[in-house]
Structure formats: C-alpha cells, structure tokens
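Heads up, the thing below is written out as structure tokens.
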Amino acid sequence: MIHLFDTLNGEIRPLNQRDEGCVSLYACGPTVYDHPHLGHARQAMTYDVLRRYLEWRGVTVHHVANITDIDDKIIARAQREGTTEEAIATEWKTVYDQIMDRLSILRPHDRPHATGYIDEMVAFIQTLLDNGSAYANDSGVYLRVHRVEGYGDLVHRSLDDLRDGAGARVEVDPNKEDPLDFALWKAAKPDEPTWPAPWGAGRPGWHIECVAMSLGILGDGFDLHGGGSDLVFPHHTNERAEALAAGRSFAQHWVHNAMVNIGGEKMSKSLGNYTTVEALLDEHRDNARALRLALLQTHYRKTMEINPEVMAQARAGLERLDAMGRKAVAAGVPTDASERDAPAVTAFVGAMDNDLGTPEAIATVFETIRRANGALDAGSEEAAVLVATALDLAGALGLFLETTGRDGTDRTIDDLVAARTQARTDRDFAEADRIRDQLTELGVVVEDTPNGPIWHRS
RNA sequence: GCGUCGGUGCCCGAGCGGACCAAGGGAACGGCCUGCAAAGCCGUAAAGCCGCGGGUUCAAAUCCCGCCCGGCGCUCCA
C-alpha cells in the first residue's frame, strides 16, 4: 500500500482506506476569477498523478475538488467589470477546465460549487452555534477557536504561538472575542451577493465550504485531504477546526504539495510574479507533457523553479522518451504487448508507494526505455515487453508517449521524405541533404532506421 | 522570532545507516552505427571533503547537537 507524508504528524505513513479498495480524496480546487498559473497546475497535477497511480494499482478513487465561485476576489472582479459574480465564475471556470484538459488532468469525479452548498453550510454553522462553538453578531458568525482541542496541530503551533502572530500582525477585529477566531459567515454588505440565514443574511466564510462539501460528499473520516502547502494555515487548519468543533471526524491524512518558485520566490497572484499556464502551453506544443515530466522529476514536497531552461530540459527528456515509440513502430514491434517486465514494475511501484516517489519512478521508466532501445537495436524478442512496460508505467503517471512520429495528414512531408529516400537510393547525397534541410526548415526531423526513414516534428 | 521543509556533480534532481560512497534526466566528450547526420547503444568525464563544525556508530550524504543559507507558513493565496 502507498505511504504518504502526513502533514498532521510529520510522518510518512500508510494511506489507510476507510473502505477497503477505495480511496476518498478531497483536493482543494480553484477560486475561479482569473487565469490559472503554474502553481495551480502543480497542485492539480500532484493529485492527478496520485489518483492515476492509485487507479493504475486497481484502487477505486473518489476524487472531489471544489470550485469556489463566491469570495472577495470574485466580487471585486465582478464589480470592476460591471457584471455578476456568477458570470465571472462561469467564465473563469471554463478557462480553468480548458487548461486542465490541455494538461491531461482528469476531471475530479465531483466538483461541487460553493454556491450550490449554501444550505449545507448554513446547517453546519447552525450546529456550531447550537453547541456553543460559534457566536453570531452584527458582522457575522465566528468560530471560538480556543474551544477546539488541538487547533494548531496541523501547523504544529500552540494556540499561544498563533495568538502572538495574530495579535502582532493582524489588526484585531473588534467583532471577534479572540483574534484567532475566524468567520464562518460574513454578514450581508451592500452590493454583495447574499443568502438568507437564521442569524442574518450574508455569505459563507472561506473555509466552511470545503467542510460542508467534503463531509457531504465523502462522509465522515474520509481518507485524504490535499492542497498546496500555503493552505496549511489558515485554510486547512480552520476547516479541520470547524469539523472537529461540530464533533465530526475529518480527513484521516493530510497531504500538501510544495510551491512553484520564480526567481527563488513563491509564484503567486498577490506577488504578481506568476506565469499563466496558458502562456507556458502556448510557447511550445510539447509543453503540456514537458511540464508534467518536469513536475514528475521533482518530488511533490520540494519547492521547484519553472523557467524556460527547466522546460527545455524537460522537452529534451521527453524527446528521448518519445523516440523509443517511434523506433518500435518503425521496427514493426507491437506497443501493446500484455506481458510486463517484472523488475521494472516492481521498482516503479516501490518508488511510488514511498511517498509518491515520482522522480525515482520516472527514472525506472527511463531505464526501461534504454533497455527497450537496446532490445530494439538488437532485434531481441524482449523488445515488445519492454516497450509495453515503458509505455504502461509512463501512462500510470499520466505521461503519454508518442508511438507515432507523424500525424499522417501532411502529404507534402511524406512526399519530401520519399524524394529524399529516392535520392539516397540513387546515391545523390547532395540532393538528399538538400531535401533534409528543407524538411528541417519545416520543423521536421527525419531519422533513418534499418526499416526505412521515420520523421517527427521538432 | 516561532513552526515547517530543504541545502547533493556544469544544470535539474533521487538516495535518507552498510557492497571501493551516489539513481535518473539535461548539457559535454569519445567509440560503434550512418554516405553524412539524427536517433540509439557503449563508455568517459583528474578532481562532488553530499552547506559548515562537532558527535553517535564497526559503518553516515543518510542518526544527534550547534551554526550558516534558502523556500513556505504565521495575511488573501495552489
């Protein structure tokens, strides 16, 4: 069984399954109001890889990710653009989905919208009011943090430590009994969307939606909650506090992926130093897969830089991976053999089960590729199994290798390649090289193999 | 300051007590292959004190202590 680092106790421990053979996963989704940046991509990719791997192992995964469609940023943008919050959310969710599709990130099974869970949130808050964990006043409803035992456990801070921080850095809100208390519900303000509630109209606070939705869909004691490391506090800490205050059993395991840095600093909206995923994808047609490879080559808990050089290196690695598929096809070796190379699979599984060791796992893929290439060159019987194994293992991580270099639509290129072959047959190498230069200008690379030439786009 | 994660070759990046001690990728060099290439295979890279200093151990990049440096969190944030 897979072992994962658990933020709560700081240990790598087995991911227990509440229901045998099924993993319930809640990964915090986006607030939809702007272009997704590379940090969003890393977050989504992390849980996509985890899910794909578990499914590849035969585990059923119930993957839930929220869509936050009401919050301060959305309201601000709607007001700026003179439109509705709903319109903003719809617009940017569409963009988000398109980007995730381009990254080959599987859609979560459930994608609840915050505004679709207002009733559940209201009921949840009522429970907290009823049992004295929360209090309401003119400005909203707040959670009494000091009543939650182990409130700071996820961030490994004592209540006093946290209070120091809150007192020192944040302007103390006179509406709160304690600076650490946080809003479950924000009272209605002019020009903001509001929903009715027993204690007064308003809108939900940030954390309550995730609690209502995760518990509502996955149920008490679900297996795994994930998100970016910057969510540990306050978001996840507060989600957990709400659930515990309500007497509910919350996530049993907490996973957090590290940040993407740009020039050594966190890439983020508020710092304004972010690169949109769209811009990166538009830079090169292979960048979606290259980004996935780059991410896989770094452990998910390690901060990483993403820049043009990193992307270029990833593309070079990708080219190496793809070349094997082309060779196999050219040699007439099937790519869909059912047998697998056991040592490679064992190494791969061992790496992945150890806290999602994708760098080591991808290394076994590269090694398998090298062995496959050798077998292909030697015309060995082993080739088919090694090729299929490499493709299968890469696929388990969501990295799909090309098994054909050409798209079959461009007759001109086929004709040029054929002409070059003819020239070579005629031993008119000057002409052959001239045609090859012509192809190069078209962005096409020709490779001669014992089975004739093959080509692919550079 | 407090919490947390980290500091490994030209670059990226695994390894987290034990075979003359470091995976994999990129870049470089040599050989084979090729008409020449590309791709591939094989090999190499005359200097990595595995941040620094102690310690534990028969044995440490891997454990402990101290220090230096960096990321993230303590505020909306993936």
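Letters go in sequence order (proteins before strands), and every chain restarts at 1. As the structure is a computational prediction, the values presented were derived from the model and not from experiment.
- Using cut-offs of 30° and 60° for the angle between ring planes, the A:His37 and A:Tyr274 rings count as tilted.
- Not less than 6.0 angstrom separates the ring centroid of A:Tyr26 from the ring centroid of A:Trp254.
- Once the 5.5 Å centre distance and the 30° plane angle are applied, the aromatic ring of A:Phe233 is found not to be stacked with the base of B:G73.
- Atom CD of A:Gln313 and atom C1' of B:A28 are 13 Å apart (whole Å).
- Distance CZ (A:Arg427) to C1' (B:U34): 11 Å, rounded to an integer number of Å.
- For A:Tyr151 and B:G73, the OH to P distance is 16 Å, given to the nearest whole Å.
- If you check B:A19 for Watson-Crick or wobble pairing at under 3.5 angstrom, you find it has no partner at all.
- A salt bridge links A:Arg292 and A:Asp48; the closest N-O separation between the charged side-chain nitrogens and carboxylate oxygens is under 4.0 Å.
- Across all strands shown, B:U4 pairs with B:G71; the Watson-Crick or G-U wobble distances both stay below 3.5 Å.
- Across all strands shown, A:Asp71 has no heavy atoms under 4.0 Å from either base or sugar-phosphate atoms.
- Look at A:Lys302 and you'll find a side-chain N or O under 4.0 angstrom from OP1 or OP2 of B:A14.
- The side chain of A:His156 contributes no N or O atom lying less than 4.0 Å from OP1 or OP2 of B:G3.
- With respect to the salt-bridge test (charged N to carboxylate O, under 4.0 angstrom), the residues A:Asp160 and A:Arg163 qualify.
- Contact check, A:Arg320 against B:C41: a side-chain N or O comes under 4.0 Å of OP1 or OP2.
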Under 3.5 Å between N/O atoms: give me all the protein pairs with nucleotides 21-23 of chain B, atom names plus distance.
unit_1: B:A23; atom_1: O2'; unit_2: A:Glu367; atom_2: OE2; d: 3.0

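- Smallest separation of non-hydrogen atoms from A:Val232 and A:Leu154: CG1-O, 3.8 Å.
- B:G66 is paired with B:C52 under the Watson-Crick or G-U wobble criterion, all donor-acceptor distances under 3.5 Å.
- Of all the heavy atoms in A:Cys28 and A:Gln43, the pair that sits closest is O-OE1, 3.2 Å.
- A donor N or O paired with an acceptor N or O is not found under 3.5 Å between the base of B:A38 and the side-chain atoms of A:Arg436.
- Across all strands shown, B:A14 has no partner, as no Watson-Crick or G-U wobble contact with both distances under 3.5 Å is found.
- Between A:Met304 and A:Asp433, the residue anchored nearer the 5' end of RNA chain B, judged by the nucleotide with its closest heavy atom, is A:Met304.
- Checking the phosphate oxygens (OP1, OP2) of B:G71, no side-chain nitrogen or oxygen of A:Asn261 falls inside 4.0 Å.
- Toward the 5′ end of RNA chain B lies the nearest nucleotide of A:Leu293, the other residue of the pair A:Ile369 and A:Leu293 mapping further downstream.
- When the side-chain nitrogen and oxygen atoms of A:Lys266 are compared with OP1 and OP2 of B:G73, one or more of them lie within a distance under 4.0 Å.
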Quick one: do A:Asp69 and A:Lys93 satisfy salt bridge (charged side-chain N to carboxylate O under 4.0 Å, His left out)? Show the steps, please.
CA-CA 9 Å; A:Asp69 58 354; A:Lys93 174 180 174 291; over 6 Å; no

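- Within 4.0 Å (heavy atoms only), A:Val365 reaches no atom of the nucleic acid at all.
- Under the Watson-Crick or G-U wobble criterion, with both distances below 3.5 Å, B:A28 is paired with B:U44.
- As judged by a 4.0 angstrom heavy-atom cut-off over every strand, A:Arg370 is placed among residues touching the sugar-phosphate backbone only.
- A:Met324 comes within 4.0 angstrom of no nucleic acid atom, judged by non-hydrogen atoms across all strands.
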